[in-house]
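Starting from 1, each residue takes its place in the sequence as its number. Keep in mind it's a predicted model, so treat the numbers as computed, not measured.
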Amino acid sequence: MITLITNIQELLQVRETSIAKVSGAEMAVLPTIKNAYLILKDELIEDFGSMENLPEIKADKIIDATGKVVLPSWCDSHTHIVYAGNREQEFVDRINGLSYEEIANRGGGILNSAKKLNESTEEEIYEQSKTRLEEVMRLGTGAVEIKSGYGLTVDSELKMLRVIKKLAENYPIAIKSTFLGAHAFPAHFKEDKKGYIDQIINEMLPEIAKNNLAEFVDVFCESGYFSVEETEQIMEAGIAFGLKPKIHVNQFNSIGGVLASVKFNALSVDHLEIMNPEDIEALKNSETMPVALPSCSYFLSIPYTPAREMIKAGLPLALASDFNPGSTPSGNMNFVVSTACIKMKMTPEEAINAATINGAYAMGLSETHGSITKGKKANLIITKPISSYYQIPYAFGSNLIESVFIEGKLIN
């Protein structure tokens, strides 16, 4: 199946050769072709270039993109899409003055989601989760990471990971699975933290590895959750079972989690709302991708990741949605990109790089996703007619997407 897209006003994120990521000043450079064509063959990108160089081609389908921008689909490297129910009441509690920590201390937060998940069947969770997945695909996401972490028991963590695996089998979108058993301590282990960590290491991880249910291991490294020492213990165990770390750090406090994650060669460190000079220094010359979650900061009214400081220091940065029921009930990456520009002072070029090529890196998908490169997956967003790609972050409340292709197929 050959699809030809012609008269593209501007084709974004064009990379002749595949690159892993962009860092520092490079993040402000977004290679584009104006008045371009793009050829898709089956599920891959076959060719692209300027319209004046369009070769003679027999296409099965021709799309005229006059006045429209084409870019690679978003790569959302941090989500919790698989969950049961919602936490609307906590939303109202926060409006009435309770903090995230206060809500958690009275049985809300992660433990509230765990209760709902434990009471739901695997099929119920799958049906709820697939609706969310379909929504983010329509909003332009073409690759997504999904975490467990709302089970907090052996059976329920495995149940969540099976749902993630089923979604990956049933949808064309690339899905990466992360085991986040260390999301919070269950109520019955509150006085026996070592007991729960032993359960993660000795019961959950062996089952996950045996059934090939995850690629990554994650820990919520934060005051009141998992200490740096506990995080290191779980990372080490995950690595022994073949899982690469992707760690929640510095959401409310900087306690040394960034340095620990770099030490264990984590693929990414995510949140980073609170960063000190030591954290930035630790990330320099590492292979670990810093990931910002601006819509979480927006929803919780907490600080935003200091993007300008980090980019100035030469670091790369990725953007992700953190789609979850408690702190970010939205997987809209268009809003994430807008919020990064508006609140973190990232330029549109930096934000698009962060949500495509660097997001792909943060999932281990650099070879196949994140840019318009020959041989990569034909995952694209075609906008409605717009004046320039600056309109994508500028018109933050408008849906400017006309169509989405994932692996060469139009998503309805």
Side-chain angles (χ1 to χ4, degrees), residues 13 15 18-30 72 74-79 141-147 174 176-178 180 215-221 231 235 238-239 243-251 254 257-275 279-296 304-322 333 336-337 340 344 346 349-371:
Q13 192 58 285
R15 306 277 177 179
S18 190
I19 62 165
K21 60 184 176 182
V22 287
S23 306
E26 293 173 352
M27 287 197 63
V29 180
L30 183 68
W74 307 123
C75 296
D76 188 353
S77 67
H78 183 127
T79 82
T141 294
V144 67
E145 179 259 19
I146 307 176
K147 302 176 189 296
K176 293 287 190 166
S177 179
T178 299
L180 178 57
E215 287 182 62
F216 305 119
V217 62
D218 196 349
V219 182
F220 188 17
C221 180
T231 299
M235 280 196 282
I239 290 165
L243 307 184
K244 195 163 180 64
K246 273 173 68 70
I247 306 297
H248 280 62
V249 288
N250 293 45
Q251 183 173 1
S254 175
V258 171
L259 186 61
S261 301
V262 169
K263 185 170 92 176
F264 282 89
N265 199 26
L267 181 60
S268 72
V269 283
D270 303 29
H271 273 293
L272 312 178
E273 288 89 345
I274 307 298
M275 292 289 279
D279 296 320
I280 289 173
E281 202 57 40
L283 285 164
K284 286 182 182 176
N285 305 314
S286 78
E287 295 303 308
T288 301
M289 176 63 71
V291 179
L293 311 172
S295 40
C296 175
Y304 288 84
T305 303
R308 291 265 52 90
E309 204 179 318
M310 293 166 71
I311 292 168
K312 187 180 175 187
L315 297 181
L317 188 63
L319 291 169
S321 75
D322 193 25
M333 284 294 289
V336 169
V337 168
M344 292 162 59
M346 293 178 76
E349 292 81 3
E350 289 169 338
I352 291 168
N353 274 323
T356 55
I357 194 85
N358 284 359
Y361 179 94
M363 287 184 274
L365 287 171
S366 299
E367 292 296 314
T368 51
H369 292 72
S371 67

Side chain to side chain donor-acceptor pair (under 3.5 Å) partners of T356, counting only residues at least two apart: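 Once residues adjacent in sequence are excluded, the partners of T356 under the side chain to side chain donor-acceptor pair (under 3.5 Å) criterion are Q13.
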Any side-chain heavy atom of [X] sitting closer than 4.5 Å to one from [Y]?
X    : Y    : answer
V337 : W74  : yes
V249 : L272 : yes
H271 : T305 : no
K147 : H248 : yes
D218 : I247 : yes
S77  : M289 : no
I239 : P245 : yes

Sub-3.5 Å donor-acceptor pair from the side chain of [X] to the main-chain atoms of [Y], do we have one?
X    : Y    : value
T288 : A266 : yes
S366 : I357 : no
T79  : E145 : yes
N250 : M275 : no
N358 : L319 : no

Criterion side chain to side chain contact (heavy atoms under 4.5 Å, CB included) on E350 and R308, from CA distance to verdict: CA-CA 10 Å; E350 289 169 338; R308 291 265 52 90; 2.8 Å; yes
Qualifying residue for side-chain contact (heavy atoms from CB on, under 4.5 Å) with V269, from L283, L259, V262: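 Option passing the side-chain contact (heavy atoms from CB on, under 4.5 Å) with V269: L283.
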Out of curiosity, [X] [atom1] to [Y] [atom2], how far, rounded to the nearest 0.5 Å?
X    : Y    : atom1 : atom2 : result
E281 : L315 : CD    : CG    : 9.0 Å
M346 : I311 : CE    : CD1   : 4.5 Å
Y361 : L267 : OH    : CG    : 6.0 Å

Heavy-atom pair with the smallest gap, counting every atom of A351 and A340: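 Nearest pair, atom of A351 first, then A340: CB-CB, 4.4 Å.
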Contact summary for M333 and A355, nearest pair of heavy atoms: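 Minimum heavy-atom separation between M333 and A355: CE-CB, 3.8 Å.
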For K21, all residues meeting salt bridge (Lys or Arg N to Asp or Glu O under 4.0 Å), sequence neighbours excluded: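 Listed in chain order: nothing, the list is empty.
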Which residues share a salt bridge (Lys or Arg N to Asp or Glu O under 4.0 Å) with K312, sequence neighbours left out: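 For K312, no residue satisfies salt bridge (Lys or Arg N to Asp or Glu O under 4.0 Å) once neighbours in sequence are set aside.
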Side-chain donor-acceptor contact under 3.5 Å, H78 with D322: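 Present: a donor and an acceptor within the cut-off.
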Pair D76, T141: side-chain N/O donor-acceptor within cut-off below 3.5 Å: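 On atom types as modelled, these side chains do not qualify, holding no pair under 3.5 Å.
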Candidate list K176, K244, K246, test salt bridge (charged side-chain N to carboxylate O under 4.0 Å, His left out), partner E215, passing option: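 Answer after filtering K176, K244, K246: K176.
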